[in-house]
Protein chains: 4
Amino acid sequence: MFTLSALTSYEEELIGLRRSLHQLPEEGWSEFTTTARIAETLENLGFEVLLGPDIIDASACLGRKTSVVEAGLALARANHVDESLLDRMQGLTGCVGVLDTGRPGPTVALRFDIDCVPVTESTDSNHLPTREGFASTRPGLMHACGHDAHTATGLTLAHWVKDHASDLVGRYKFLFQPAEEGVRGAAAMAASGILDDVDTFLASHVAMMCKTGEVSVNPTGFLCTTKLDATFTGKPAHAGVEPNAGHNALAAACYAFTQLMGLPRHRDGMTRINVGQLTGGEGRNVIPSHAKMVLEVRGENAEINAYMAESAERILKASALAQNCEVTLEKMGEAVDLTNDPALVACLERAGAAIEGLTVRTDPMNFGGSEDATLLARRVQAHGGEAAFFVLGADRPSGHHTATFDVDEGALKQGLHFWISALQHLPKGG
Amino acid sequence: MFTLSALTSYEEELIGLRRSLHQLPEEGWSEFTTTARIAETLENLGFEVLLGPDIIDASACLGRKTSVVEAGLALARANHVDESLLDRMQGLTGCVGVLDTGRPGPTVALRFDIDCVPVTESTDSNHLPTREGFASTRPGLMHACGHDAHTATGLTLAHWVKDHASDLVGRYKFLFQPAEEGVRGAAAMAASGILDDVDTFLASHVAMMCKTGEVSVNPTGFLCTTKLDATFTGKPAHAGVEPNAGHNALAAACYAFTQLMGLPRHRDGMTRINVGQLTGGEGRNVIPSHAKMVLEVRGENAEINAYMAESAERILKASALAQNCEVTLEKMGEAVDLTNDPALVACLERAGAAIEGLTVRTDPMNFGGSEDATLLARRVQAHGGEAAFFVLGADRPSGHHTATFDVDEGALKQGLHFWISALQHLPKGG
Amino acid sequence: MFTLSALTSYEEELIGLRRSLHQLPEEGWSEFTTTARIAETLENLGFEVLLGPDIIDASACLGRKTSVVEAGLALARANHVDESLLDRMQGLTGCVGVLDTGRPGPTVALRFDIDCVPVTESTDSNHLPTREGFASTRPGLMHACGHDAHTATGLTLAHWVKDHASDLVGRYKFLFQPAEEGVRGAAAMAASGILDDVDTFLASHVAMMCKTGEVSVNPTGFLCTTKLDATFTGKPAHAGVEPNAGHNALAAACYAFTQLMGLPRHRDGMTRINVGQLTGGEGRNVIPSHAKMVLEVRGENAEINAYMAESAERILKASALAQNCEVTLEKMGEAVDLTNDPALVACLERAGAAIEGLTVRTDPMNFGGSEDATLLARRVQAHGGEAAFFVLGADRPSGHHTATFDVDEGALKQGLHFWISALQHLPKGG
Amino acid sequence: MFTLSALTSYEEELIGLRRSLHQLPEEGWSEFTTTARIAETLENLGFEVLLGPDIIDASACLGRKTSVVEAGLALARANHVDESLLDRMQGLTGCVGVLDTGRPGPTVALRFDIDCVPVTESTDSNHLPTREGFASTRPGLMHACGHDAHTATGLTLAHWVKDHASDLVGRYKFLFQPAEEGVRGAAAMAASGILDDVDTFLASHVAMMCKTGEVSVNPTGFLCTTKLDATFTGKPAHAGVEPNAGHNALAAACYAFTQLMGLPRHRDGMTRINVGQLTGGEGRNVIPSHAKMVLEVRGENAEINAYMAESAERILKASALAQNCEVTLEKMGEAVDLTNDPALVACLERAGAAIEGLTVRTDPMNFGGSEDATLLARRVQAHGGEAAFFVLGADRPSGHHTATFDVDEGALKQGLHFWISALQHLPKGG
């Protein structure tokens, strides 16, 4: 058994890293500078570092816009990121560090997400990052969901694993996943196959429904969701002179909207549908030839979500047909539900019990949002591995995705302790 | 040249026939008793009489309901109609009488329609048919569009042709067409081929936009129209227990409705769309599995009407698709536009000039409605024949299709004179 | 304590009454013959009998059609129902029998519903009522929901109460409620005030989710629902000649339909919306001036249902406005949810335990439907009384509202035992 | 009578002005530099110059965006426009020059429009303005509708009038109107009252349906139109967590869209409806709280257009109501139809006959677009004045509003001759 008392230097490392990362928030699929930093840190620790196509299947990327990728690359070059690292990334962000202890044992994957959200950070001096001088340097972007803390925790934990490798068994894969916001990045990481030899998968989120001093090891209510963009293309015509000559793409979108709103409820549980944005048309007197719809569906479980997504697709295609238009559908994000494997829940419960002052919540607490770690967990469970997701409580002055979001750094330290304890309580295999 | 002065007996015959026919109105496709009466009259005159499949292509019938046909047959039997005539009809109403003068000359087709409308005749003593005792004997049905006058005119004119055959040349085909209301019968009569040897085609309507003493020989504005019934079929489900299990046929119909209303206007002229009836659903708490829509489109010309009909069909099918339903479309009626052949207009103008007290209108007067005689005229024009439609003016106390509709019998007599004169002024061929 | 062993004659009375009532099913608000029979039975037993406005507030009747009422009155006269009874009913069906034991104690109300459903009973000889000769004598109507059993149980129980009045305390009100189907009758009975002095309220349904030998004393999942009819009135116009002159009532209905389908889901629980029927329009070429929509909303609790009903009303009114039409809304039925008072649940549990062979289910079993007894229960709870609803299990060959529905008569006998036991276990007051 | 032979210097002035104006296109309501230039030219000629509120009623401005106004002001300052002129404009563009001959006679108003369209001019060397070096200096903006020619013609004609004032009678008002594109500026100019003493009003457009050598003095088919912006405001909510809490502004817009598309055709003539743009929503998972719709209606005459505009407003408001949203409607443009006064048509016919090589078209040629000069003409006709609009033919390499639009400068010279002749042939009053 390790003693958890002598972790002060890791704690300092964690807080330092978190504050540093907080200053350079990067949007999903553009995290080149962040990825480079992670890669360099892991290589310095002696990890095998995997980048680009080895860990991200480009064909399975969701919601990845070229303009955002290019801006991220430009920023990386402005930040003097090593070109050889960029070469290895091949335009794909995210990083996996692998450490083999050399002793037989299970392969354990630990996932940390690295992207930020499009929020402008508060300049109020009551806001800790502002007061302490580590606020975002990029207007319009902010680590307002705690992924900076996740990444810092992952890197510090990697350090700890390296330091204690001789006491550990099996292999460790540290997954630093891009583009979790909008539940976009996990699908491509899963598709890369990087998890296909993994026995045990852990992921976590900070704060959410838990306060400092709590860890929820059996969260439920992960909303299954599919994010879709629908682009309608018709034919323009002068609305006064020859309205019959147009193929009205905006009409296709609006008639689709009315039918999407009318998707029936489902016997087996919660459903949701939202068209969050609609933009269409060119000029006042032109029959609109373009329209774009940004939508999402949700379901209480994967089957209900699939029912919603398939129904939405059917309606979108039929509406295009009705108006003599074309429609292209692009899946922009996806998440499923998750049931933690009971054996892992038990491990996590024991791991938490070892941390003084930590309350382990094993009751089903409602996560109430979507998480694409669920896709990674499903990939592991699909071949017989075990997976669990836990929430590390943290007091926060305001909600996730708001300008004054911040996390109690004391809770982050406690979270690091919990992660270390968790690694020690995981199944040893054989 | 015939003298038109000695027509008193024909006039009496005309009025007698009209009053008699007025008492037994029969709906489109159910005119078995009327057809039998026409057939017997023509056979008595010595015409060759064609019935059933010889003059009506059953596969081209529009808007022909089995229940209406059967009710008409039952009535015919109650009226002791000769079974051998019913055998010849084979369930198809309408009649054509052919007379060959034996002398070379063109084949002339004259068309008269025979069906009634679903209106209950007024019992007001100011209403002539009521006062004079020849009102409809069938509540809910009435010759309120003047087809009784058309049929009576056709039979009297046939009598006159028979009497004067030795002074005429070529062949005469008297077409007594069923189911003009809803523009349903002409398509099947055209499809039978009965007009394919016709050189000259004439048809007419009484009253409309002309008053007693006028004849319009160059009417325009025949509205092209297509009548459609759309029947949606889905799958019922309990609306409370499992709404997702239903395929909502009423939803398909209503979403189609909204898109049909939105059919774009046309650069080249007038368009119309109307869903005249919609009936759907079973019970309050059942997802509707059936819906029926009764609609029509119109266009200023055949091309515009086709644009409307095709667009409507596309929308109806796509809406069914969007809601996982089936839809069947049935064409219930059709009419096109018509341009009278100028040579015939000139003949009719001369024919009218020969009638004292008759004003011949050659200016383009707006007919403002649909007429399926246009389909017959097109069939004749398609192989190089000539066709014309004229309107015989008649004062009327109230509008067509109303309970107090009636036509000035004096105008009917004048109309008979005009028809006779027209036959004398038609091209003689050769 | 009573012995339950000597109930054979009551059991025979129960089955005889049930079979007799089964033969004369009457629709909601038309149960004049049934009401007369109940009234006569109760008067013969010595109950005070209340009828008409004393127990039904005519202004609060839901879904009561004049034509149905008149047909029921005509049937009653054909059945030689005593005119003086009809006079007392004043067109309002239902009956309440009151017995005062003369000893201090609570007022207990027991509710039984008396109407049938529009189903044609099976003529299959495997169907017990057919085989035994007590099937419905009225095609299209059937006691296919067990209300015949409810009424028979109520009358037999009244007999028992009368026989044992000297052993009982307080007052008993036997409510025989009309028009439960469509959740229409209870609102008017509640509004009459008949329950305003009641301390304890019991109601029950047979079969549902329980089989013979079970009684569920703590059912949940009563769906709150509001049934609405919306009648749109516009202005007709010829669809070809002057489409602009119409005010399209069917358009108002269809555009309302699309918006009703789009009513948002609710954070707090299940919602439902269904337009079960839509009928509109006159003729194919007439802008529709009438449309009628039959709809319902549901919610997991009364607040959610109110949200749905209010939203639906807002949409219906606004849609009429948009199309220059009028709309009238009529509430056709209503039910709320219900939570049994725990003290009564405990009484019922003890009552059931006293019946040999009966399993008392106290777990929350899902009722899964709507019941307007909930409105009566709410009325009692509103002034501090206690209410409970229980389900008497009964095997049945097919589902409620089907042509071969029937209930195990053995279960009805056991149900009578349970009711008697329940009366003995209710709070005695003081 | 003047001789038209010695106009060479005016022609050179015209072409020079047109080429100069062509280089600095300014959008409607931002034409501060252009207005200053016009004002200085007119003042140099000795005209009384009216600016700002004297000629533009700010409260009647349509489609005037603050951002565009401010950008125009900024450009004017960058162009060193005289601040005192800007002071007089008070933010309102456009200019009127008045010349009183001092001799009794009618007041004649001549209107020229001055704004450009949002088109980027072609850089193809085949395009004359590019080849000759006078193309637009402002990317995204271009005089692609000929208003540069109109303005140059007006200024040159003013010069001619000044030079020949001693041969003329009455008063001349030269109206240089802003913001004709989108038919936005005339309403405010009419509302200023500047036309309320005018006896004769003339306006013109170059090219359109006439080629070089033609002038159409009796154009018809001015489309009446109303341009509307509808802004819907609702309430945002998390689409997953509490969809019922949102007031969906995008839904209000889309349901309005479907009803707008369904506006009935009109008995009396052509109607049009188009929603040219729709933009709504904030984020994928947020119930949209904002939506903006850019639309227009048209009608064959002012009454039909009013029917369309009123119907659209009713639908927009009712749709907001149905979705618990607010909607604000802003009229962004308006034009009506116009019938030239016959007496003026006759004058123009004579004026044209005096120009060698010019074909005067008096047949009703279809203008086929909207023109807000019609509002000015109506204002004059309303108090008994006379008005006419004519089209000066000009060959053009491509259509109006395209990147390679240009007008035959020879035709412009001929047009100037026609204007001069027209002034000479106008009624002299008395």
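We name chains A, B, ... by the order of the sequence lines, and we start the count at 1 in each one. For the numbers below, each heavy atom of this structure counts, side chains included, while hydrogens, waters and symmetry mates do not.
- For residues 219-236 of chain D, a heavy-atom distance under 4.5 Å to chain A picks out D:Lys227, D:Leu228, D:Asp229, given by residue number.
- For chain D, the nearby parts of A:Leu250 are the backbone and the side chain; heavy atoms of each come within less than 4.5 Å.
- Ranked by non-hydrogen atom pairs under 4.5 Å with chain A, the options D:Glu296, D:Lys292, D:His290 are led by D:Glu296.
- Here the side chain of A:Asp372 pairs no donor or acceptor atom with the backbone of A:Ala335 at under 3.5 angstrom.
- Residue D:Ala291: no heavy atom, backbone or side chain, is found under 4.5 Å from chain A.
- Residue A:Cys116 holds its SG atom at 10.0 Å from CE of A:Met142, rounded to the nearest 0.5 Å.
- By the 4.5 Å heavy-atom criterion applied to side chains, A:Asp115 and A:Glu180 are counted as neighbours.
- Once rounded to the nearest 0.5 Å, the distance linking NE2 of A:His401 with SG of A:Cys145 reads 3.5 Å.
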> Passes side-chain contact (heavy atoms from CB on, under 4.5 Å), A:Ser136 versus A:His143? Steps please.
Replying inline: CA-CA 8 Å; A:Ser136 168; A:His143 271 300; over 6 Å; no
>> Show, in sequence, the C-alpha distance, side-chain angles and deciding distance for D:His147 and D:Glu181, and conclude whether the side-chain contact (heavy atoms from CB on, under 4.5 Å) test is met.
In response: CA-CA 10 Å; D:His147 297 191; D:Glu181 297 295 342; 3.3 Å; yes
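- At a threshold of 4.5 Å between non-hydrogen side-chain atoms, the residues D:Ser289 and D:His247 do not count as touching.
- For chain A, the nearby parts of D:Ile287 are the backbone and the side chain; heavy atoms of each come within less than 4.5 Å.
- Between A:His205 and A:His400, the distance from one ring center to the other falls under 6.0 angstrom.
- With a 4.5 Å cut-off on non-hydrogen atoms, D:His238 touches chain A through its side chain but not through its backbone.
- Of all the heavy atoms in D:Glu300 and D:Asp337, the pair that sits closest is O-OD2, 4.2 Å.
- Interface residues of residues 273-283 of chain D toward chain A, defined by a heavy-atom distance below 4.5 Å and sorted by number: D:Asn274, D:Val275, D:Gly276, D:Gln277, D:Leu278, D:Thr279, D:Gly280, D:Gly281, D:Glu282, D:Gly283.
- Proximity of D:Trp29 to D:Lys65: side-chain heavy atoms (C-beta onward) are nowhere separated by under 4.5 Å.
- Proximity to chain A involves both the backbone and the side chain of D:Arg284, based on heavy atoms less than 4.5 angstrom apart.
- Taken from CE in D:Met209 to CZ in D:Phe367, the straight-line distance is 6.5 Å, to the nearest 0.5 Å.
- Among D:Gly333, D:Ala251, D:Gly182, the residue making the largest number of heavy-atom pairs under 4.5 Å with chain A is D:Ala251.
- When all heavy atoms of D:Cys210 and D:Val391 are compared, the closest pair comes out as SG-CG1, 4.0 Å.
- No donor-acceptor distance shorter than 3.5 angstrom exists from the side chain of A:Arg396 to the backbone of A:Phe405, with no hydrogens or angles considered.
- Nearest heavy-atom pair across A:Leu62 and A:Ala187 is CD1-CB, 4.0 Å.
- Of residues 308-329 of chain D, not one residue has a non-hydrogen atom less than 4.5 Å from any non-hydrogen atom of chain A.
- Contacts of residues 252-272 of chain D with chain A at a heavy-atom distance below 4.5 Å involve D:Cys254, D:Tyr255, D:Phe257, D:Thr258, D:Met261, D:Arg272, listed in sequence order.
- With respect to the salt-bridge test (charged N to carboxylate O, under 4.0 angstrom), the residues D:Lys331 and D:Glu334 qualify.
- Among all heavy-atom pairs drawn from A:Thr404 and A:Ser398, the shortest one is OG1-OG, 2.8 Å.
- In this structure, chain A has a heavy atom under 4.5 Å from the backbone of D:Val286, while its side chain stays farther away.
- With values rounded to the nearest 0.5 angstrom, A:Ser370 atom OG is found 8.5 Å from A:Asn305 atom CG.
- Taking the side chain as every heavy atom from C-beta outward, D:Thr402 and D:Val119 never approach each other to under 4.5 Å.
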